[in-house]
Amino acid sequence: MLVALASFFIIQLVVVAATPLPETLSFSEQRAFTLPRHDLSPDSQTFEVKPLSTHRDSFDEPTPSFHGVRAIPTTIFRPRSIQALLDARQRSLHNSESTPLDWVQVDVPAPDVTDRHTLGQLARMTGNAYALPGQDNWYDIDGAWNISFPYGWEDPADGFRAHVFVSPDNSTVIVSIKGTTLRGPTSKKDRFNDNLLFSCCCARVDLSWIFHTVCDCYAKHWRCDNTCLFRALVQDSLFYSIGVNLVNNVTAMYPTSTIWLVGHSLGGALASLLGTTFGMPSVAFETPGERLAAERLHLPLPPSPSLYPQSYVPSYFSAPVTHVYHNADPIPQGTCTGIGSPCTSAGYALETRCHLGKSIVYDTVGKLGWKVDVRKHSIKEVILSVIEGEMPENGWDEDGHDVPPAEAEEDCVDCFKWEFGDFKDRE
């Protein structure tokens with residue numbers, strides 16, 4: 001069961017546009033570069049690039065290889081100024097002040113999440129965030145996608161790792177973020193971030209967890225202090241802050257490129273939160289609910305398209321995120337909880353289930369006869385048995401599609417047993 005948790009976390013994308021025709025993006029092999037780690041401030045633009053080998057035996061007669069990942073023109077909301085968004089978030093965090101933001105509607109090429117091959121390629125890139133090229137757990141990808149920028153691999157104990165895939169003309173960049181590793185040098189930091197982002201109150205499951213909590217915000221009798229939670233989420237050890245620096249680096253390096261974010265489990269949640277912050281299409285696989293984390297991080301949410309600009313009503317479902325998961329995995333459904341569950345036994349409090357954007361949910365229980373089992377959480381299962389596996393006889397939905405439709409999780413509530421407020425101040 002514990003080995004089953006090893007792979008971990010992912011995401012979804014917003015389609016506000018009508019039904020434009022998809023475009024096939026072709027990529028050929030090019031040089032790979034390493035993106036050095038810098039803890040840059042959000043407005044910093046300075047870094048260097050170092051060339052790497054491309055893992056080819058000979059470059060005397062380069063043979064370009066092409067593959068197709070389908071993109072579809074999509075309208076998303078993006079803050080007019082990222083710096084203004086970060087400033088508004090800080091004022092909300094520290095002063096409880098709400099600042100109106102200027103949002104713009106932008107037409108961008110986004111992943112065609114209705115296309116089975118495209119989803120499979122994005123899932124394989126997501127799986128590769130756990131490995132380096134040439135390792136046994138590196139997934140083959142169409143053509144040049146095997147070449148990437150590794151990020152965060154210099155320090156073996158650094159939990160935040162990613163790969164950055166780039167098309168030969170630099171028009172499209174895909175950032176793939178690693179999820180949780182159960183056993184390894186990053187495991188401790190991974191679990192800390194899991195329990196901070198996806199638990200109701202500091203990973204306090206019951207009295208037996210009193211020495212395993214990740215913050216001191218419990219206020220007795222199923223009450224949790226909001227201010228304490230906010231402070232815990234802004235500390236430097238949280239992967240979200242590192243991700244902001246990474247995206248700033250990538251956007252500075254490729255200022256005119258289209259950038260997509262993908263990830264699995266914890267990595268998918270980070271891709272979703274960062275995609276929501278920067279207004280970038282994101283796809284997350286088998287991710288715990290990150291909607292509550294977005295609220296606690298004070299992320300300004302994009303407006304409801306039906307009301308803006310006449311009225312600004314924040315909308316969870318306008319986030320440019322597409323979640324992809326199947327219903328035999330208890331983690332994205334928030335059901336791997338309670339005494340005796342494999343997640344709790346392994347020290348993980350994965351209690352949230354509500355997602356931003358929209359969700360593609362594969363009915364592997366009904367269509368394939370799977371039992372709910374945390375071992376089905378791994379990205380390998382998602383790639384080989386779900387997205388690329390043998391299709392159910394009548395497709396994945398009543399219309400026979402090979403990819404289920406993406407739908408908003410409208411009637412979703414997290415942590416309904418808990419009461420949140422400023423209880424520590426009263427004490």
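In this structure, Arg291 CZ and Cys412 SG are separated by 5.0 Å, a value rounded to the nearest 0.5 Å. A distance of 10.5 Å separates SG in Cys343 from CD in Glu351, rounded to the nearest 0.5 Å. Going from atom CG of Asn226 over to atom SG of Cys217 covers 9.0 Å, rounded to the nearest 0.5 Å. Note: Gln121 CD to Ile387 CD1 = 10.5 Å, rounded to the nearest 0.5 Å. The distance from atom CD1 of Ile174 to atom CZ of Phe165, rounded to the nearest 0.5 Å, is 8.0 Å. The distance from the OG1 atom of Thr251 to the CD1 atom of Ile259 is 5.5 Å, given to the nearest 0.5 Å.
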Could you check Met125 against Ile141 for side-chain contact (heavy atoms from CB on, under 4.5 Å), going step by step and ending with a plain yes or no?
CA-CA 7 Å; Met125 291 182 202; Ile141 311 174; 3.9 Å; yes
Could you walk me through whether Asp107 and Thr75 satisfy the side-chain hydrogen bond (donor to acceptor under 3.5 Å, both in side chains) test, starting with their C-alpha distance in whole Å, then the side-chain angles of each, then the deciding distance to 0.1 Å, before giving a yes or no?
CA-CA 4 Å; Asp107 293 326; Thr75 302; 2.5 Å; yes
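In this structure, His163 has its ring center under 6.0 Å from that of Trp138. When ring centroids are compared, Tyr316 and His355 stay outside the 6.0 Å threshold.
Geometrically, Arg124 does not engage Tyr139 in a cation-pi contact defined by less than 6.0 Å to the ring centre and at most 45° from the axis. A cation-pi geometry, defined here as NZ or CZ lying under 6.0 Å from the six-membered ring centre and within 45° of its normal, holds between Lys376 and Trp370.
Glu409 contributes no side-chain N or O that, together with a main-chain N or O of Leu356, makes up a donor-acceptor pair within less than 3.5 Å. One N or O on the side chain of Arg78 and one on the backbone of Gly279 form a donor-acceptor pair closer than 3.5 Å. Side-chain atoms of Ser272 never come within 3.5 Å of backbone atoms of Gly268 as a donor-acceptor pair (strictly under, hydrogens ignored). Within the 3.5 Å criterion, the main-chain N or O of Glu381 finds a donor-acceptor partner in the side chain of Ser378. The main-chain N or O of His221 is found under 3.5 Å from a side-chain atom of Tyr218 such that the two form a donor-acceptor pair. Side chain of Trp260 to main chain of Pro109: a donor-acceptor pair is present (N/O by atom type, distance under 3.5 Å, no hydrogens or angles). Side-chain atoms of Ser176 do not come within 3.5 Å of backbone N or O of Ala162 as any donor-acceptor pair.
Among residues two or more places apart in sequence or in another chain, the salt bridge (Lys or Arg N to Asp or Glu O under 4.0 Å) test is passed with Asp329 by none. For Asp402, the salt bridge (Lys or Arg N to Asp or Glu O under 4.0 Å) test picks out no residue, with sequence neighbours left out. Contacts of Asp414 classified as salt bridge (Lys or Arg N to Asp or Glu O under 4.0 Å), with partners at least two apart in sequence or in another chain: none.
If you check the side chains of Asp112 and Thr118, you find no donor sitting under 3.5 Å from an acceptor. For the 3.5 Å distance criterion, the side chains of Tyr240 and Thr277 qualify, holding a donor opposite an acceptor. A donor-acceptor contact under 3.5 angstrom links the side chains of Asp194 and Thr180, judged on distance only. With 3.5 Å as the limit, one finds a donor-acceptor pair spanning the side chains of Lys178 and Thr186.
With Trp396 as the fixed residue, the side chain to side chain contact (heavy atoms under 4.5 Å, CB included) test singles out one of His326, Met391, Arg116: Met391.
Between Cys200 and Cys224, the SG-SG separation does not fall below 2.5 Å.
Ionic pairing of Asp373 and Lys371 is not present here: no N-O contact between side-chain nitrogen and carboxylate oxygen is shorter than 4.0 angstrom.
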